[in-house]
Every structure is written in structure tokens, then in C-alpha cells.
Protein chains: 2
Amino acid sequence: MTDIKIPKATAKRLPLYYRYLVFLHDEGKEKVSSTELSEAVQVDSASIRRDFSYFGALGKRGYGYDVVNLLEFFKKILNQDTLTNVALVGVGNMGHALLNYNFKRTNNIRISAAFDINPEYTDTIMNGVPVYQNSDMKYQIGQQQIEIAILAVPKDQAQEITNQLVDAGIKGIMNFTPLRVSAPSDVRVQNVDLATELQTLIYFLEQDKH
Amino acid sequence: MTDIKIPKATAKRLPLYYRYLVFLHDEGKEKVSSTELSEAVQVDSASIRRDFSYFGALGKRGYGYDVVNLLEFFKKILNQDTLTNVALVGVGNMGHALLNYNFKRTNNIRISAAFDINPEYTDTIMNGVPVYQNSDMKYQIGQQQIEIAILAVPKDQAQEITNQLVDAGIKGIMNFTPLRVSAPSDVRVQNVDLATELQTLIYFLEQDKH
DNA sequence: TCTTGATAATGAAAACATTCACAAATTTGA
DNA sequence: TCAAATTTGTGAATGTTTTCATTATCAAGA
């Protein structure tokens with residue numbers, strides 16, 4: 001596939017572009033300019049062109065980008081042509097919210113297995129997703145060849161569960177706990193730290209006042 | 001207060017440092033070195049020293065940083081000495097999860113008002129937080145002098161509600177919807193885009209394979 | 001077929017962020 | 001008391017990302 005060196009900052013914006021392209025396509029739009037895209041996704045238009053340019057020229061000067069073209073292209077880059085199954089560990093409040101989050105619609109991602117220790121939840125189906133006991137983790141993840149897990153357990157279980165996930169063969173973890181879990185270097189951990197985000201927002205706001 | 005120019009990247013790490021300092025303090029630790037901190041928050045130790053240095057010399061050579069000192073300092077910088085009230089709009093799945101999220105414990109942040117359109121939820125108390133009708137938004141936010149709101153509504157209401165929030169005097173929005181809402185430049189919007197995060201993780205994972 | 005306005009591509013510069021590496025200060029232990 | 005060990009603070013180097021500014025190309029209308 002694309003073995004060109006893509007800057008990390010660019011890679012993080014790709015899904016954003018993709019989502020808006022899907023929207024444009026649904027609207028029946030045929031072409032789009034970097035300026036227009038810029039307004040919608042709130043990224044500088046020059047950055048957008050630069051980002052796109054890493055993949056080779058996709059647009060036409062004086063015309064813009066062809067929506068369908070771009071969409072097809074991004075679909076491949078982002079593996080959107082195949083459904084990605086992910087696991088969810090912890091179906092408490094946050095986990096439950098994530099089960100209801102529609103990843104599939106625009107992103108072709110599906111939570112295909114959930115795990116919990118609470119017997120009140122386990123061995124049931126929540127939102128169409130089977131909830132297994134934690135002890136089934138290794139087996140299910142192996143069976144379903146899942147590589148990505150969402151970690152939504154209380155923080156005192158975070159490291160322990162992470163170890164189990166790694167042992168089960170998980171290669172990417174989206175970590176919703178406030179703990180920075182440690183994992184082998186070939187396992188990618190993406191932290192989603194809500195309290196920190198809020199705190200940062202408050203900090204910037206305070207700065208803005210001066 | 002601190003009118004020094006702090007790099008954005010540094011600012012984003014401050015809450016992280018703060019949280020670990022609280023933990024250390026609870027543990028009764030008196031001093032901490034940049035190396036030790038580095039392991040816990042997973043930030044390069046040189047970066048930590050650099051970050052701290054923007055605030056002036058806070059540590060002692062050959063000794064490390066005094067936990068209580070540092071904690072007091074960060075508490076002020078991050079406004080942790082006063083309770084910050086925030087509003088939550090939308091008490092559906094995600095909103096509900098956020099109501100249960102304990103921001104107060106380590107961050108001195110409290111959701112003090114929630115809003116929704118669903119009469120099933122409004123005029124009740126959820127998790128100790130009063131849920132008002134959207135029409136009460138301006139009044140309540142004004143009364144309680146709330147400056148920050150968490151936006152957790154379906155995406156087709158996102159822009160509309162954002163406008164109302166801005167009108168009510170909100171200055172910072174943590175946006176959980178996948179839509180990039182637009183707001184005046186004096187209103188800060190922080191996007192928490194779960195599908196994008198997951199998608200990015202998948203992308204990087206795919207890259208790692210080659 | 002010209003001309004004009006729109007718009008992508010891109011080299012170069014600037015801004016921003018991280019990392020290295022070491023002197024200076026301090027602690028520790030003998 | 002002194003030498004060894006520790007650890008900060010920071011100049012300089014390096015790396016990354018954004019922004020600027022120019023050029024090349026295209027569509028469409030006269």
C-alpha cells in the first residue's frame with residue numbers, strides 16, 4: 001500500500017477529511033476545493049493541500065478535487081473497505097455509551113465483543129453485542145482475530161486488563177482510563193483522557209482572559 | 001498570574017503532571033525526579049524539565065522536585081484552588097456516562113447543570129445534577145455563571161445548541177459530537193472525536209505492519 | 001482562441017517542539 | 001572532608017508542522 005512517509009499530524013486528520021467527504025458524497029456534490037473543505041473541517045486550506053500532496057496529486061488546478069475520486073482513495077488508505085472489529089472491555093457507564101456510539105455508520109468499525117467482570121452484564125447481549133466474562137477474553141479475541149480494544153474499566157484494573165489484552169494479541173488500545181498504562185512497544189496505546197481535556201480547556205480559557 | 005508564554009504542547013501536559021502529583025502526595029512521597037515522573041506519565045524526562053522550566057526553577061539539582069511545592073504551584077496555575085462548574089448538554093448515553101465520571105475527585109470540576117430536550121429526563125435530578133429543559137439554558141448558565149459546557153447531543157443538533165450556548169455566554173465548549181461546530185473566535189472549542197481517534201489508531205496499526 | 005479568475009502544487013521560511021548532552025548544584029556515603 | 005552519584009536547568013541541535021508566497025494549470029466565458 002502507501003509506503004510514503006506521512007507525517008503523524010497529517011495522519012490524524014485523515015479520518016476527519018474522510019468523514020466530510022462521505023457527507024459531501026451523500027449530498028451529491030461532485031467537486032470540492034481545499035478552501036471549502038477547510039471551512040468544514042476547520043483546518044487551514046494550505047495544510048489540506050499539503051496533506052493531500054503526500055499521497056500524490058489528487059486534485060486538478062483550477063477545478064478542485066473530485067469527491068468520488070478522493071473518497072475512493074481515502075477509503076483505501078483508511079481501510080474503510082473492510083469492516084474492522086474491535087473489542088470493548090468494561091461495559092459500565094462509559095463502555096455502555098460507547099456501545100451506543102455509531103462507529104459503523106461512517107467508519108466501518110464495529111464493536112464485536114465486549115467484556116466485563118460484573119455477572120449482571122456478562123453472558124447477555126447489549127446493543128447487539130455479546131458481553132463475555134473477562135476470562136473469555138483471550139479465547140474470543142483470538143477466535144475473532146481482533147486487534148484493537150477499547151479500555152473502559154475503572155483505573156485500578158487498567159494495567160491488569162492491559163496485560164491480559166496484550167497477552168491475547170491486541171495490538172492497539174484506546175485507553176479511556178486516566179492511567180497511563182504501559183504496554184510493549186509494538187502495542188499502540190491511544191489515550192483519551194477526558195478530565196485532562198477539560199482541564200486543558202479551562203487553562204486556555206483562563207489564559208485568554210489576560 | 002503567569003503571563004509567561006507557555007507552549008501549547010506544554011500546557012496540554014500540565015493536567016497530567018498535576019494528576020500524578022496528587023497521587024504522589026496521597027502516597028506520602030516528598031520528592032520526585034523528572035525521571036520518575038517520566039515513567040509515570042510517559043513523557044520524556046527532558047521534556048518534563050523543559051516544561052517546568054517555563055515556570056522558573058522549581059526543582060533542586062541533585063535532589064529533584066519537592067512534591068508539595070510543585071503541587072501548590074500547579075494548583076494555582078491550573079485553577080485547582082477553586083471549584084469550576086460546567087454545564088452538560090445532552091444526557092443521552094454519552095452525557096449519562098459523563099455525569100458518572102468523577103471530575104471532581106482529582107480535578108475540582110463539577111457538572112452543576114445539565115440540559116436535555118427529552119421530557120423523560122428534564123426536571124429530574126440525575127447523579128445529583130439537576131437536568132433542565134433546553135429552554136432554561138440561558139437563564140441557568142447566566143445565574144450560575146458557568147463558562148464551560150460539554151456538548152453531548154446528536155450531531156444534527158450540535159450547531160444549533162452551540163449557538164444557544166454562545167448566546168448564553170459560554171466561553172469554552174468540549175465537543176463530543178463528530179461535527180466541527182463553528183463559534184466566535186473568543187469561544188474555544190475542544191473536539192473529542194471518538195470515531196476519529198479509533199480510526200487513527202487503526203491507521204497507525206496498519207502502517208506498523210509494513 | 002484568448003483572457004481571466006479560481007485553485008492545486010510546492011519550494012522555502014518560519015514557528016514550534018523535542019531531544020541531546022553537559023555544567024552547576026546538591027546530596028550521599030565513607 | 002571529600003569523592004562519587006544524582007539531578008536540575010538550559011544552550012544547541014535536531015526534528016516536525018505550519019504558513020507563506022510563487023508558479024503552474026484548468027474551466028469557462030467573451
Side-chain angles (χ1 to χ4, degrees), chain A residues 2 4-17 20-21 24 29-71 73-74 180 185 191 200 203-204 207, chain B residues 2 4-17 20-21 24 29-71 73-74 185 191 196 200 203-204 207:
Chain A
T2 27
I4 329 130
K5 168 82 178 92
I6 308 296
K8 241 172 110 184
T10 295
K12 287 188 183 172
R13 285 188 290 262
L14 299 184
L16 207 54
Y17 298 145
Y20 192 66
L21 286 170
L24 285 178
K29 289 219 29 164
E30 290 187 356
K31 62 172 186 172
V32 63
S33 73
S34 59
T35 323
E36 194 183 344
L37 214 51
S38 170
E39 272 166 36
V41 300
Q42 297 182 9
V43 172
D44 180 82
S45 69
S47 292
I48 292 180
R49 291 198 300 280
R50 170 75 72 214
D51 284 349
F52 287 9
S53 80
Y54 291 114
F55 303 103
L58 302 170
K60 273 198 262 185
R61 298 175 186 214
Y63 175 84
Y65 299 87
D66 181 272
V67 172
V68 174
N69 261 358
L70 219 47
L71 204 52
F73 191 81
F74 274 68
R180 295 301 219 226
S185 64
N191 298 297
T200 304
Y203 173 82
F204 282 130
Q207 295 303 302
Chain B
T2 27
I4 329 130
K5 169 80 178 91
I6 308 296
K8 240 172 111 185
T10 296
K12 287 187 182 173
R13 284 188 291 262
L14 299 183
L16 208 54
Y17 298 146
Y20 193 64
L21 287 170
L24 285 178
K29 289 219 31 164
E30 291 187 354
K31 64 173 181 169
V32 63
S33 74
S34 56
T35 322
E36 195 183 343
L37 214 50
S38 171
E39 272 165 37
V41 300
Q42 298 182 9
V43 171
D44 180 83
S45 71
S47 290
I48 292 180
R49 292 199 298 281
R50 173 78 66 208
D51 284 348
F52 287 7
S53 80
Y54 291 115
F55 302 103
L58 302 171
K60 267 201 269 186
R61 293 171 188 216
Y63 176 85
Y65 299 87
D66 181 274
V67 172
V68 173
N69 261 359
L70 218 48
L71 203 52
F73 189 82
F74 275 64
S185 63
N191 298 299
T196 290
T200 304
Y203 174 82
F204 281 130
Q207 294 302 301

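Chain letters run A, B, ... following the sequence lines, proteins first, then strands; residues in each count from 1. Bear in mind that the values here come from a model prediction, so they are computed numbers and not experimental data.
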Do the side chain of A:Ser33 and the main chain of A:Glu36 share a donor and acceptor less than 3.5 angstrom apart?
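Yes; judged by distance alone, with no hydrogens or angles, the pair exists.
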B:Ser38 side-chain N/O to B:Val43 backbone N/O, donor-acceptor pair under 3.5 Å
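Yes; judged by distance alone, with no hydrogens or angles, the pair exists.
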Determine, for nucleotides 7-16 of chain C in 5'-to-3' order, which nucleotides have protein heavy atoms under 4.0 Å from the base (write B), from only the sugar-phosphate (write S), or from neither (write -).
BBBBBB----
Neighbour count >12 (heavy atoms, 6.0 Å) for atom CD, A:Gln42
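Atom CD in A:Gln42 is crowded, with more than 12 foreign heavy atoms closer than 6.0 Å.
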Checking ring-ring contact (aromatic ring centres under 6.0 Å, His included) against A:Phe55, which of A:Phe73, A:Tyr17, A:Tyr65 comes through?
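For A:Phe55, the ring-ring contact (aromatic ring centres under 6.0 Å, His included) check succeeds only for A:Phe73.
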In the structure I gave you, are the side-chain heavy atoms of A:Lys12 and B:Tyr203 within less than 4.5 Å of one another anywhere?
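No. Closest side-chain heavy atoms not under 4.5 Å.
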Partners meeting salt bridge (Lys or Arg N to Asp or Glu O under 4.0 Å) with B:Lys60 (sequence neighbours left out):
none
Audit row: A:Arg50, A:Thr10, side-chain contact (heavy atoms from CB on, under 4.5 Å) steps and yes/no
CA-CA 9 Å; A:Arg50 170 75 72 214; A:Thr10 295; 5.9 Å; no
Chain B contact limits on DNA chain D, taken 5' to 3' with a cut-off of 4.0 angstrom to heavy atoms
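Taking any atom under 4.0 Å from a heavy atom of chain B, the span is D:dT6 to D:dA12.
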